[in-house]
Each structure stands twice: as C-alpha cells, then as structure tokens.
Student: 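Got a structure here, written out as structure tokens. Questions coming.
Atom set for the values below is all heavy atoms of this structure, side chains included, hydrogens, waters and symmetry mates excluded. Just so you know, ligand 1 is whichever comes first in the structure, and atom 1 is the first atom listed for that ligand.
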Amino acid sequence: MREPFFAANWKMYKTPAQAREYANAFAPLADKFRERAAIVLCAPFIDLVPLREELRDLDPAGFIDVGAQDVFWEPEGAYTGEISAAMLGGESVDYCIVGHSERRRLFGDTDETVARKVTALLGADIVPIVCVGETLEEHQTGRRLDVVAGQIRACLGHLSDEQRAGLVIAYEPIWAIGTGMCDTPQGADETIGFIRTLDGGLEDATILYGGSMKADNAAYLCAEQNVDGGLVGSASLDPAGFATLIDNALRGIDGASA
Ligand code: PGA
C-alpha cells in the first residue's frame, strides 16, 4: 500500500524567520496526519537548517520531513553558488525536488542533468522528488503521454527497479503550474497510471500530481487510484491552508476507498 504523500514547494518564498514561524504554526495542525500521510516541506536552501532545528523541537519523532528544491551533482569543488547532495544529507535533509519545470525553463536543467542529480541524491540517501510534465502546446496536440514517457526514461532509465520503486515522482503539467488551471482528476490519474507502466519499479513509486492543487480540488484529485498526493506550490505557503488541503485530500482518499 502506498502512503498518501504531500510535499510543499515553497519556491523562492520565506526568509529563515518566516520558515521558523511556519513550522511553529504548521506542526500542531499537522499532528493529526501522523500515521496517515507523509509530509515534506521543500524550502529554499537558507531555510533548511532553521526549519530542521525548529521541527526537531516541535516534532521530535520527525514526522514532518524537510526537503530542498535543487542540488548539484558533484560532491564538492569549484562550483560557485552550488550545493551538493552530501551537504544536504549532512543537514538531515530527507528529500530534494529535481527537474522542476521552473528550473528546466529558467536555469537550463535538462533530462540529462536531472538524471545526474538523481544519482547524486541517491548516493547521499536523499529521496529525489522528480518532476515531469508537458507544455500547453504539447498537451493540446495530444503529446502528453509521449513527452512524459521520454522524460521518465531519460531521467530514470539508468536506475535499478529497486531504486525507481523508492522514488517520489511529481507529474506536473506545466500549463497547470501557478495558473489556477488544474488538470482533471481523470487526466492526472491516466497520466500517473501510465507512468507506473513505463519501467520496472514505477508501479510502487510514490507519484504525486502537481499544478494548482488547492484545498477545494485536492479531494477529487487524490481520490483517484493512481494519485498518491500532491506537490503543492502556492497553496502550501499558508500553514493553515496547507493543513486544510491535506485534510480534504485524505477525506477524498477515504471516500474513494470506502
Ligand atoms: P502551484 O505550483 O501549486 O502553485 O501550481 C506547483 C509546483 O510548481 O510545484
């Protein structure tokens, strides 16, 4: 049984002080999800240590995990501005987003560099959250599944079945990110179900939907059989709002299995 999984993607929001405030507001609200779901807060690099420190006190059992939003694949060296997987792992970072469409579009990430980042993360015992998804044009011309298949094979083809089974993958149609234009539950389910058939191990991977998931659509999306949860951007920035979204999503999952 795959566990429901919710990842906040804060993007470039929140100072270290705001990250601490968030942790203090969110931890008591999230307590009721313990045993029910996995939750990870993916924060800017500079927030990771304060967030981890705060959660260590608020949530000593470590139920709420901390994640980064990118990594560089080399272990160390003359790479100005970069952060390695070993550095993240040394600070008890559990997860790391790679291949987000904003990084692909604005910072030159490609399937090839995403594959290298995935390898580096696995070597540091950090679970990659690998993002894939098609553009609006690719969507409108019926190429959604082909595009996603190409990304999955290029980013994850070098892994063993066992490694793939331990991944988190986020299907995020680019046209749905930050636009309020969420995919239909059927579209998300079909694409994620298709990803599960692409290669060994993916059947058991945790696969999320991302792109304008909100408190009012999370239940419908997460009720779908193949959708394990969400990678949530703007709707994760407010701690109470994110808790409500998770609550609604779990109700959707319960309703679907009832
Ligand atoms: P959104 O972002 O929820 O604001 O659409 C999701 C993401 O970019 O991961």
Student: Can you sort out which atoms of ligand 1 are near Ser212, meaning under 4.0 Å from one of its heavy atoms?
Tutor: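 The list of qualifying atoms is 1 (P), 3 (O), 5 (O).
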
Student: Counting each atom of ligand 1 from 1 as listed, which ones have a heavy atom of Ser234 under 4.0 Å away?
Tutor: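 Near Ser234, the atoms of ligand 1 are 1 (P), 3 (O), 4 (O).
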
Student: Between Gly178 and ligand 1, does any nitrogen or oxygen pair lie at a separation below 3.5 Å?
Tutor: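 Between Gly178 and ligand 1 (N or O atoms, distance only) the closest approach is under 3.5 Å.
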
Student: Hey, any chance Val40 and Tyr209 share a hydrophobic cluster, counting ILVMFWY side chains that come within less than 4.5 Å of each other, even indirectly?
Tutor: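 Not linked; separate clusters.
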
Student: Using a 4.0 Å cutoff against the non-hydrogen atoms of Asn9, which atoms of ligand 1 qualify?
Tutor: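 What qualifies from ligand 1 is 7 (C), 8 (O), 9 (O).
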
Student: I'd like to check whether Lys214 has a polar contact with ligand 1, where a contact means an N/O of the residue lying under 3.5 Å from an N/O of the ligand.
Tutor: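 N/O-N/O distance under 3.5 Å: no.
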
Student: Is there a heavy atom in Ala235 that sits closer than 4.0 Å to ligand 1?
Tutor: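 So Ala235 does not count as touching ligand 1.
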
Student: Are the side chains of Ile195 and Val132 in contact, using a 4.5 Å heavy-atom criterion?
Tutor: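 Yes, side chains in contact.
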
Student: Supply the atom-to-atom distance Arg104 CZ to Thr113 OG1, rounded to the nearest 0.5 angstrom.
Tutor: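 With rounding to 0.5 Å, CZ (Arg104) is 7.5 Å from OG1 (Thr113).
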
Student: Does an N or O from Gly233, backbone or side chain, lie closer than 3.5 Å to an N or O of ligand 1?
Tutor: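 Gly233 vs ligand 1: N/O contact under 3.5 Å present.
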
Student: Counting non-hydrogen protein atoms only, what is the nearest one to atom 7 (C) of ligand 1? Give residue, atom name and distance.
Tutor: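 Answer, as residue, atom name and distance: Glu172 OE2, 3.2 Å.
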
Student: What orientation do His139 and Trp175 show, parallel under 30°, tilted 30 to 60°, or perpendicular over 60°?
Tutor: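 Tilted: the ring planes of His139 and Trp175 meet at 30° to 60°.
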
Student: If you round to the nearest 0.5 Å, how far is CG of Leu198 from CD1 of Ile152?
Tutor: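 Reported to 0.5 Å precision, the distance equals 6.5 Å.
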
Student: Give a yes or no on whether the backbone of Ala19 and the side-chain of Asp47 come within a donor-acceptor separation of less than 3.5 Å.
Tutor: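 Looks like no, no N/O pair under 3.5 Å.
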
Student: Around atom CD of Gln225, are there more than 12 heavy atoms from other residues, nucleotides or ligands closer than 6.0 Å?
Tutor: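 For Gln225, atom CD is not crowded (no more than 12 foreign heavy atoms under 6.0 Å).
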
Student: Near Lys11, which atoms of ligand 1 are under 4.0 Å from a heavy atom of that residue?
Tutor: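 Counting atoms of ligand 1 from 1, those under 4.0 Å from Lys11 are 2 (O), 7 (C), 8 (O).
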
Student: Closer than 3.5 angstrom, by distance alone: can the side chain of Arg144 be matched with the main-chain N or O of Gly187 as a donor-acceptor pair?
Tutor: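 Between the backbone of Gly187 and the side chain of Arg144 there is a qualifying donor-acceptor contact (under 3.5 Å).
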
Student: Please identify which atoms of ligand 1 are closer than 4.0 Å to at least one heavy atom of Gly211.
Tutor: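 Checking each atom against Gly211, I get 5 (O).
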
Student: Looking at ligand 1, would His100 count as a contact under a 4.0 Å heavy-atom criterion?
Tutor: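 Yes, His100 has a heavy atom closer than 4.0 Å to ligand 1.
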
